[in-house]
Number of protein chains: 2
Amino acid sequence: MHNEAIERLTACGIKPSAQRISIMEYLLKHRTHPTVDMIYNDLVPTMPTLSRTTIYNTLKLLEEHNAIIELRIDKKTAHYDGDTLPHSHFQCKSCGKIIDVQMQGLLNEQYETEFVIEETEINYRGYCKSCLEKAKKTNN
Amino acid sequence: MHNEAIERLTACGIKPSAQRISIMEYLLKHRTHPTVDMIYNDLVPTMPTLSRTTIYNTLKLLEEHNAIIELRIDKKTAHYDGDTLPHSHFQCKSCGKIIDVQMQGLLNEQYETEFVIEETEINYRGYCKSCLEKAKKTNN
DNA sequence: TCTAATTTTGTAATGATTTCAAATCAGTAA
DNA sequence: TTACTGATTTGAAATCATTACAAAATTAGA
């Protein structure tokens, strides 16, 4: 797990520091879609100088380099996922748990037994035509 | 538009007050996926006593009664949509604009000319099996 | 009109995230 | 080893969207 973390970091072009390895390793080991605070509370005991800011900074860095995915399914706080392969998520409005949904496209009845869905949200992010054109003019 | 707002409110079981009508009407008229602040700034001139808190309260009420949809595509703030029919959204990471994507399921090349997609996120929200079972036991 | 319930309002509190400058660390050349 | 440079980490303070709350205003019914 430790080596996998280092491999993932270097493969994504990130210099593997002790903190970055710890956080990457945590996300590879725990498929619970943790928040910053969960990661912090679990790592501080073995890394007492660790700062919350470092976790924020590192997660942003990892996300920008596509080493992890930032989930915005929770309306309050960001959650993070070490699984970068395309898949969807379900969050229970009562207990807050986030569950992986290994299916592209819309859900079928197979899942109706596992949970009751009240909201479906499909979000795309990227760059719009006019911003791409503006960037072209400025950069060339 | 005024009457449509009242109709939507009553159809969703919401008593139509002046403020609620204004906000509902605004969301029916402006398909720009506004934030609380956009709604506030646009409505205050004609409704000087309007409070931001009322907008927060009203939007939550409207959403709970399925009169509108709350969008969480923007990582900073909530946006709101008066169009409750199922559709997806795209947000430009540069200008922040949110664009409707009238397509269920994953995007095809048709959209590649309109924008470049970097992230795809499919979120479901509802209730998980164990929470549903807990609720059953408590309520019966 | 009087009263009770509902709705609205403004202020203060909350809490996640960001900013920022100082401290620490890692790597390199002398 | 030592000194230097740049990268990384850290903690405190600031920011900003949202919520809590209690008072004020409005509405509806008797």
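Reckoned from all heavy atoms, side chains included, excluding hydrogens, waters and symmetry mates. Computed from a predicted model, the values in this text were never measured in an experiment. Order of the sequence lines fixes the chain letters, A, B, ..., with proteins taken first and strands second; residue numbering starts at 1 for each chain.
Rounded to an integer number of Å, the gap from B:Leu50 CG to C:dG10 P is 9 Å. Going from atom OH of B:Tyr40 over to atom P of D:dC16 covers 17 Å, rounded to whole Å. Here D:dG11 presents its C1' atom at 13 Å from CD1 of A:Ile55, a figure rounded to the nearest Å. As a whole-Å value, the separation of B:Met47 CE from C:dG10 P is 12 Å. To the nearest angstrom, C1' of C:dA16 lies 16 Å from CG of A:Leu71. The separation between A:Lys75 atom NZ and C:dA16 atom C1' is 17 Å, rounded to whole Å. Atom CD in B:Glu70 sits roughly 12 Å away from atom C1' in D:dA17 (whole-Å rounding). For A:Leu59 and D:dT8, the CG to P distance is 16 Å, given to the nearest whole Å.
With C:dT17, C:dG10, D:dT8 as the choices, the nucleotide that has an atom nearest any side-chain atom of B:Ser51 turns out to be C:dG10. Candidate nucleotides D:dT9, C:dT9, D:dA17 were compared by shortest atom distance to the side chain of B:Thr77, and D:dA17 ranks first. For A:Thr54, counting side-chain heavy atoms from C-beta on, the closest listed nucleotide (D:dT10, D:dT18, C:dT17) is D:dT10. Side-chain proximity of A:Thr49 to the nucleotides C:dT17, D:dT18, D:dT10 is greatest for D:dT10.
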Q: Quick one, give me the B/S/- string for nucleotides 19-30 of chain D, reading 5' to 3', where B means a protein heavy atom under 4.0 Å from the base and S means that only happens at the primed atoms, P, OP1 or OP2.
A: BBB---------
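Scanning both residues, B:Lys97 and A:Ser130, for their nearest heavy atoms gives NZ-OG, 4.4 Å.
Put simply, the residue from B:Arg8, B:Arg20, B:Met24, B:Glu64 that forms a side chain to side chain contact (heavy atoms under 4.5 Å, CB included) with B:Ile14 is B:Arg20.
Under 4.0 angstrom from either OP1 or OP2 of C:dC25 there lies no side-chain N or O belonging to A:Gln19.
Evaluation of the side chain to side chain contact (heavy atoms under 4.5 Å, CB included) rule for A:Lys129 yields A:Glu133 as partners, not counting sequence neighbours.
The hydrophobic clustering, which links ILVMFWY residues whose side-chain heavy atoms are closer than 4.5 Å, places B:Met38 and B:Ile98 apart. Clustering ILVMFWY residues whenever any of their side-chain heavy atoms sit less than 4.5 angstrom apart, transitively, puts A:Leu71 in a cluster other than the one holding A:Leu27.
If you take CG on B:Leu61 and SG on B:Cys12, they are separated by 10.0 Å, rounding to the nearest 0.5 Å. One distance of note links CD1 of A:Ile73 with CD1 of A:Ile99; it measures 9.5 Å at 0.5 Å rounding.
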